[in-house]
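Right, one structure below, let's go through it.
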Amino acid sequence: MTKKPKERVDFTAQPLKSKKDDERYAPAGAVVRVEVICTQALEEDFRQEFDERNVAARYTKLASVMGAGYSNPCLGDAIWPQLNVMFIIYCNKDDCEIIKEIVWKLRDKYRTEGIACFVSAAEEA
C-alpha cells in the first residue's frame with residue numbers, strides 16, 4: 001500500500017488586485033467619524049438609545065477612559081473613582097444627526113453627568 005503524498009497548502013497572503021477581489025470586503029461607505037465620550041453611568045442609556053433608534057450597529061468602544069472635561073473628572077483613582085467610556089462610530093450623515101440628537105437628549109436628562117460628542121470628516125482607505 002503506497003501512501004498518497006499530502007497536498008501542500010500555501011498560506012502566504014496574496015496581494016489583492018483591488019478591494020473588489022476580496023469577497024469578504026464590504027465597504028462601510030462611512031463619511032463621518034463620531035466620537036462620544038460619556039461617564040460609565042450613561043453607557044447603558046446610550047446603548048439603549050442606539051438600539052431603539054437603529055444607529056451605530058458597528059462601533060468601537062474604549063472602556064475605562066480617563067479624563068477631565070466640563071463635569072467632574074473621571075480619573076479612576078481614590079479621589080475621582082468614576083471612569084468614562086468612549087464610542088468611535090463611522091457612519092453616514094443621517095445617522096450622525098440621530099446620534100447628536102441622542103447626545104442632546106441624554107445631556108438634558110442627566111445634567112450632572114458628562115457627555116461629549118465630536119464629529120469630523122472621514123474617508124475609508
Side-chain angles (χ1 to χ4, degrees):
M1 178 182 252
T2 60
K3 286 188 177 181
K4 185 177 179 183
K6 289 186 178 181
E7 185 177 328
R8 296 191 72 182
V9 179
D10 184 10
F11 290 105
T12 307
Q14 299 297 319
L16 299 174
K17 294 176 186 169
S18 73
K19 292 178 183 177
K20 294 176 185 176
D21 292 340
D22 189 348
E23 62 195 30
R24 297 167 298 164
Y25 178 79
V31 294
V32 177
R33 176 185 168 122
V34 181
E35 295 178 19
V36 177
I37 305 166
C38 62
T39 58
Q40 286 179 331
L42 294 181
E43 180 182 357
E44 186 176 333
D45 292 276
F46 200 69
R47 285 292 315 138
Q48 182 178 350
E49 289 286 336
F50 276 1
D51 294 341
E52 288 174 6
R53 303 285 297 271
N54 198 26
V55 293
R58 294 174 184 86
Y59 61 88
T60 298
K61 175 185 157 187
L62 304 173
S64 304
V65 176
M66 293 180 264
Y70 292 105
S71 63
N72 289 332
C74 295
L75 303 176
D77 61 13
I79 307 297
W80 303 104
Q82 193 170 7
L83 291 168
N84 290 323
V85 63
M86 179 178 179
F87 293 92
I88 302 171
I89 306 148
Y90 290 93
C91 59
N92 60 40
K93 291 181 181 182
D94 293 336
D95 284 354
C96 176
E97 292 303 315
I98 294 171
I99 293 167
K100 291 193 301 188
E101 288 174 14
I102 292 169
V103 168
W104 281 104
K105 178 181 178 180
L106 294 177
R107 279 183 182 157
D108 190 45
K109 186 175 181 179
Y110 301 105
R111 293 185 179 264
T112 59
E113 296 293 331
I115 184 167
C117 180
F118 302 93
V119 177
S120 58
E123 181 180 327
E124 185 178 13

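Here, residue 1 is the first one in the sequence, and each next residue gets the next number.
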Spacing of [X] atom [atom1] and [Y] atom [atom2] [to the nearest 0.5 Å]:
| X | Y | atom1 | atom2 | value |
| --- | --- | --- | --- | --- |
| D95 | R58 | CG | CZ | 11.0 Å |
| D51 | F46 | CG | CZ | 11.5 Å |
| E35 | I89 | CD | CD1 | 9.5 Å |
| M86 | S64 | CE | OG | 14.0 Å |
| T39 | L106 | OG1 | CG | 9.5 Å |
| R47 | K61 | CZ | NZ | 8.5 Å |

Taking only residues two or more places apart in sequence, or in another chain, which ones meet R107 in a side chain to side chain donor-acceptor pair (under 3.5 Å)?
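Testing R107 for side chain to side chain donor-acceptor pair (under 3.5 Å), a comparison that skips the adjacent residues, returns none.
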Flag the pair [X] / [Y] as yes when at least one side-chain heavy-atom distance between them is below 4.5 Å, and no otherwise.
| X | Y | result |
| --- | --- | --- |
| I115 | I37 | no |
| C38 | N84 | no |
| Y59 | I88 | no |

Any residue meeting side chain to side chain contact (heavy atoms under 4.5 Å, CB included) with [X], in chain and number order, not counting sequence neighbours:
| X | result |
| --- | --- |
| K109 | D45 |
| E52 | Q48, E49 |
| A116 | F118 |

Minimum heavy-atom distance between V32 and V34, given as atom pair plus value
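Scanning both residues, the minimum pair turns out to be CG1-CG2, 3.9 Å.
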Which atom pair, heavy atoms only, marks the closest approach of C91 to C96?
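Nearest pair, atom of C91 first, then C96: SG-N, 3.7 Å.
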Suppose we screen for salt bridge (charged side-chain N to carboxylate O under 4.0 Å, His left out). Which residues come up paired with D108, at least two apart in sequence or across chains?
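Testing D108 for salt bridge (charged side-chain N to carboxylate O under 4.0 Å, His left out), a comparison that skips the adjacent residues, returns R111.
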Any salt bridge linking K100 with E97? Criterion: basic side-chain nitrogen under 4.0 Å from a carboxylate oxygen.
yes
Could you pull out all residues at least two apart from Y110 that satisfy ring pair (Phe, Tyr, Trp, His ring centres under 6.0 Å)?
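So Y110 forms no ring pair (Phe, Tyr, Trp, His ring centres under 6.0 Å) with any residue.
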Using the side chain to side chain contact (heavy atoms under 4.5 Å, CB included) rule, take V31 and Y90 through it: C-alpha gap first, then chi angles, then the decisive distance, then the call.
CA-CA 7 Å; V31 294; Y90 290 93; over 6 Å; no
